[in-house]
Amino acid sequence: MTVSNTLHHRVIIYHDETKDVPGRNFKGHALFFVPVTLSVKNEAPLLGACQEEYSPQEIFLGELVRCRQEFACNGKLHFSEISGQTWKKYDYAYQRAITLAVDALRSKSPQIFSRPLCFKVAAIFYPKGADWNVYGGESRKEQKLRHDETLLRILLKGACHYLYDDSNPVEVIKIVSDGDPAHRKLDEDRVVWRLTYDDLYGKSPLRDYVTLPSDVSILHLPSNHKNYQPDT
């Protein structure tokens with residue numbers, strides 16, 4: 001008996017930029033797709049259709065909280081602080097957090113979680129330096145930021161098209177960015193809403209399985225992680 005599955009992903013996308021890589025002339029953007037809800041629809045010729053819904057975000061955060069409690073770790077976990085030369089409670093917490101994140105990326109047969117969480121990650125690296133003048137703006141800082149926003153938009157569109165498909169449609173409900181990237185916040189019109197009318201610029205439109213609701217926003221969190229809102 002053939003069973004067809006359709007997974008509808010309602011996701012929050014977490015965004016961060018890389019710092020300048022020492023000795024290398026490039027930077028990058030990274031996106032982390034976290035389903036707030038995952039709706040699974042199963043259809044079989046004899047049994048008909050059935051549907052269930054769960055929250056991978058809640059499941060993952062529950063395990064992460066238990067990890068912190070187990071190792072009495074209530075501070076910031078920053079992977080740049082992993083030296084490999086010590087093995088203390090925070091190192092155990094780092095190891096456990098990485099293991100949880102890897103398992104959350106599995107779309108089939110997770111080893112820790114009872115069901116797939118279907119987290120996804122995408123990154124783009126690009127050389128520093130460009131013809132800044134083509135991006136407009138009255139200052140070099142503005143031109144550079146518009147260049148970075150263009151690369152982020154390319155990554156967002158490409159990741160949604162590549163990581164999802166007709167059997168795995170995605171709805172982006174929010175983008176959360178870690179701090180202000182430069183002298184101003186990311187421009188939602190340039191990063192998000194430009195994608196909804198790319199066809200007017202002679203570019204391919206978003207595919208039918210990608211949805212950007214009208215209320216999608218970019219939430220900029222403070223660089224101080226202690227000031228984060230609890231639900232972020």
| query | When the ring planes of Phe113 and Phe60 are compared, do they come out parallel, tilted or perpendicular, using 30° and 60° as the limits? | reply |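 Plane angle between 30° and 60°, so tilted.
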| said: Angle between ring planes, His29 versus His15, binned at 30° and 60°: parallel, tilted or perpendicular? | reply: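 The rings of His29 and His15 sit tilted, inter-plane angle from 30° to 60°.
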Taking the side chain as C-beta and beyond, is there a heavy-atom pair between [X] and [Y] under 4.5 Å?
X: Phe119; Y: Pro35; result: yes
X: Val192; Y: Leu186; result: no
X: Tyr14; Y: Phe33; result: no
X: His161; Y: Val210; result: yes
X: Trp193; Y: Asp187; result: no
X: Asp148; Y: Thr150; result: no
X: Leu7; Y: Cys118; result: yes
X: Val176; Y: Leu221; result: yes

Euclidean distance, [Y] [atom2] relative to [X] [atom1], rounded to 0.5 Å:
X: Cys160; Y: Leu212; atom1: SG; atom2: CG; result: 6.5 Å
X: Leu105; Y: Leu100; atom1: CG; atom2: CG; result: 11.0 Å
X: His9; Y: Ile173; atom1: NE2; atom2: CD1; result: 13.5 Å
X: Arg10; Y: Thr211; atom1: CZ; atom2: OG1; result: 10.5 Å
X: Thr18; Y: Ile124; atom1: OG1; atom2: CD1; result: 11.0 Å
X: Asp208; Y: Asp166; atom1: CG; atom2: CG; result: 7.5 Å

Under a 3.5 Å distance rule, please check whether [X] uses its side chain to pair with a backbone N or O of [Y] as donor and acceptor.
X: Asp103; Y: Gln111; value: yes
X: Ser55; Y: Thr37; value: no
X: Gln51; Y: Val40; value: no
X: Asp16; Y: Ala30; value: no

| Given Glu53, His8, Glu171, the one that forms side-chain hydrogen bond (donor to acceptor under 3.5 Å, both in side chains) with Ser39 |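 That would be Glu53.
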| field | Arg66 and Gln69: side chain donor to acceptor below 3.5 Å | value |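 Not at all, the side chains of Arg66 and Gln69 share no donor-acceptor pair under 3.5 Å.
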| task | Test Leu156 against Ile175 for side-chain contact (heavy atoms from CB on, under 4.5 Å), laying out the working first. | result | CA-CA 10 Å; Leu156 177 61; Ile175 299 173; 4.1 Å; yes
| said: Could you tell me if Lys120 sits above the aromatic ring of Tyr162, with its cationic atom closer than 6.0 Å to the ring centre and no more than 45 degrees from the axis? | reply: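 Relative to the ring axis of Tyr162, which defines the angle, Lys120 lies outside at least one limit.
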| task | Compute both the distance and the angle, then confirm whether Arg96 meets the cation-pi test with Phe71: under 6.0 Å from the six-membered ring centre, within 45 degrees of the axis. | result |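 No, cation not above the ring by the 6.0 Å, 45° rule.
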| said: Ignoring hydrogens, what is the shortest heavy-atom contact between Cys67 and Ala93? Give both atom names and the distance. | reply: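 Cys67 and Ala93 have their closest heavy atoms at SG-O, 3.8 Å.
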| Minimum heavy-atom separation for Leu38 to Pro116, with atom names? |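 Scanning both residues, the minimum pair turns out to be CD2-O, 4.0 Å.
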| query | Does the side-chain contact (heavy atoms from CB on, under 4.5 Å) test come out yes or no for Leu206 and Lys157, once each step is laid out? | reply | CA-CA 7 Å; Leu206 284 174; Lys157 182 176 183 178; 4.0 Å; yes
| said: More than 12 heavy atoms of other residues, nucleotides or ligands under 6.0 Å from CG of Asp189: yes or no? | reply: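 Atom CG in Asp189 is packed in, count exceeds 12.
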| message | Is it the case that atom CD in Glu58 sees more than 12 heavy atoms from other parts of the structure closer than 6.0 Å? | response |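 Counting neighbours around CD of Glu58, 12 or fewer heavy atoms of other residues, nucleotides or ligands fall under 6.0 Å, so no.
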| request: Establish, yes or no, whether a centroid distance under 6.0 Å links the rings of Phe125 and Phe26. | output: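 When the ring centroids of Phe125 and Phe26 are compared, they turn out to be within the sub-6.0 Å range.
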| request: May I have the step-by-step check of side-chain contact (heavy atoms from CB on, under 4.5 Å) for Leu145 and Arg184, ending in yes or no? | output: CA-CA 9 Å; Leu145 182 53; Arg184 63 165 173 80; 3.5 Å; yes
| task | Look at Glu142 together with Arg146 and state whether they make a salt bridge at an N to O cut-off of under 4.0 Å. | result |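 Between Arg146 and Glu142 there is a salt bridge, with a charged N closer than 4.0 Å to a carboxylate O.
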| request: Determine, for Arg115 against Glu52, whether the closest basic-nitrogen to carboxylate-oxygen distance falls under 4.0 angstrom. | output: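 The answer is yes: the pair qualifies as a salt bridge.
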| task | Give the C-alpha distance, both sets of side-chain angles, the deciding distance and a yes or no for side-chain contact (heavy atoms from CB on, under 4.5 Å) between Leu151 and Arg153. | result | CA-CA 5 Å; Leu151 270 295; Arg153 184 175 70 246; over 6 Å; no
